[in-house]
2 protein chains.
Amino acid sequence: MKSEISRKEEIQITAAKLFTEKGYNAVSMRDLALALGIKASSLYNHIQSKQEILSLIIITVGEHFTEGILEIINSESGPLEKLKQTIKLHVHISLHYKDAIGCLNSNWHNLEEPDLANLKKMREDYEENVRLLIRACKKDKQLKSLNEEVMLYSVLSTLRSVYQWSNKTEGLNEEELVAELQESLLEGLVEN
Amino acid sequence: MKSEISRKEEIQITAAKLFTEKGYNAVSMRDLALALGIKASSLYNHIQSKQEILSLIIITVGEHFTEGILEIINSESGPLEKLKQTIKLHVHISLHYKDAIGCLNSNWHNLEEPDLANLKKMREDYEENVRLLIRACKKDKQLKSLNEEVMLYSVLSTLRSVYQWSNKTEGLNEEELVAELQESLLEGLVEN
DNA sequence: GTCTATAAAATGATAGAC
DNA sequence: GTCTATCATTTTATAGAC
């Protein structure tokens with residue numbers, strides 16, 4: 001009854017790890033094949049090209065973010081609660097798709113068209129949604145009247161790096177990490 | 001009287017830009033030479049290898065961070081003021097060495113030994129210094145008793161991304177950007 | 001200091017046997 | 001589905017003329 005994992009998925013999982021560690025161009029099809037215990041030419045029975053592997057990894061995780069943020073935006077909560085939900089969403093994806101996110105972060109510029117344009121659109125839309133949330137919070141006097149872009153990227157850049165350092169906070173479970181980040185990012189570090 | 005810029009420096013400046021945009025492995029010596037208006041073989045009159053170019057770019061900017069943080073640590077200020085000075089330092093370097101920092105961030109894993117080990121040591125020491133600052137602030141009750149690693153990477157990951165988005169805050173000069181970041185990161189975004 | 005020519009190695013991908 | 005063998009291309013780097 002357990003869901004079988006196809007060779008194609010196996011390739012994506014291994015590739016995501018290697019691409020994250022060494023970079024897309026630094027990983028040859030021979031390297032990837034060796035990590036899977038087969039020959040490079042055998043890979044082409046499952047995928048069409050090296051580029052297709054990268055595309056599958058990155059677009060899939062990009063869609064997770066897109067779906068997640070839309071669900072939050074369309075919910076009934078207030079803007080500050082939605083911002084907190086965005087932090088939760090980002091942590092959740094970061095912990096469950098670590099390698100794919102690492103691959104996205106390090107290798108998105110190796111995507112070719114039309115996937116590159118597709119990803120850029122998804123990323124811009126995501127950023128714009130968070131920007132609008134921040135603006136709505138400011139209007140409601142729930143956030144300070146600081147520069148919007150500084151606030152936006154303070155939050156986003158921290159969230160985007162979670163996959164890199166979450167292994168250093170292993171005393172915290174997912175829920176606790178979310179709570180700590182919500183507090184740190186929104187309420188600040190300084191004791192009042 | 002103006003300081004002459006050598007061809008070797010010109011190569012580093014152009015390479016830093018290209019490496020940041022496309023990635024180290026995606027930029028061939030032909031690409032780099034073309035951007036400089038010469039042939040690839042001519043590059044070797046000024047540098048020994050492609051790897052040397054990367055090393056010069058990254059190690060140089062790494063040393064700026066190392067020198068800067070040591071100056072702060074050895075100053076007479078209290079820990080919270082030192083943390084604020086670290087934010088100022090990071091912004092200053094981010095604005096003045098944008099391409100080199102981009103190159104460091106995207107391509108450090110393409111460094112070969114012993115430069116890679118050298119850079120990792122610099123990075124770890126830098127992180128440890130900021131961690132100790134945060135710990136000292138907590139002990140003084142100037143920072144909340146949140147998870148140290150979460151606080152550390154909230155601050156560091158935002159600072160490390162400044163070069164990517166500082167062009168979107170062009171209404172702010174350097175001093176103002178520093179002030180906004182000190183407020184956002186330390187005091188938080190939420191209105192009390 | 002730049003050029004042309006070229007070496008030596010690595011790369012993504014295909015053909016065809018099993 | 002995997003293999004061996006191979007191709008076409010690109011890569012970093014060197015040698016030597018100007």
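Convention: sequence-line order gives letters A, B, ...; per-chain numbering from 1.
Between the C1' atom of C/dT11 and the CG atom of A/L34 lies a distance of 16 Å, rounded to the nearest Å. The separation between B/K50 atom NZ and C/dA9 atom P is 19 Å, rounded to whole Å. When the P atom of C/dC3 is taken as reference, atom CG of B/L36 falls 11 Å away, rounded to whole Å. Between A/Q48 atom CD and C/dG12 atom P the separation is 16 Å, expressed in whole Å. Atom OH in A/Y44 sits roughly 14 Å away from atom C1' in D/dT6 (whole-Å rounding). Taking atom NE2 of residue B/H46 and atom P of nucleotide D/dT12, one finds them 17 Å apart after rounding to whole Å. Rounded to a whole Å, the CG atom of B/N25 is 16 Å from the P atom of D/dT10. C/dT4 atom C1' lies 15 Å from atom CG of B/N45, rounded to whole Å.
Remark on DNA chain D: of its neighbouring residues A/S41 and B/S28, the 5'-side contact belongs to A/S41, judged by nearest-heavy-atom nucleotide. DNA chain D is contacted by both A/S42 and A/R30; A/S42 maps to the nucleotide lying nearer its 5′ end (nearest heavy atom per residue).
Heavy atoms from other residues, nucleotides or ligands lying under 6.0 Å from NZ of B/K88 number 12 at most.
A ring-centre distance under 6.0 Å is found for A/H90 and A/F65.
Of the candidate nucleotides D/dC3, C/dA13, D/dA13, D/dC3 has the atom nearest to the side chain of A/I38.
Residue B/K39 places none of its side-chain N or O atoms closer than 4.0 Å to OP1 or OP2 of C/dT2.
Applying the side-chain hydrogen bond (donor to acceptor under 3.5 Å, both in side chains) test to every pair with at least one member in residues 182-192 of chain A, sequence neighbours left out, gives these pairs: A/E183-B/K144.
Every residue was checked against the salt bridge (charged side-chain N to carboxylate O under 4.0 Å, His left out) condition with A/D140, not counting sequence neighbours, and none meets it.
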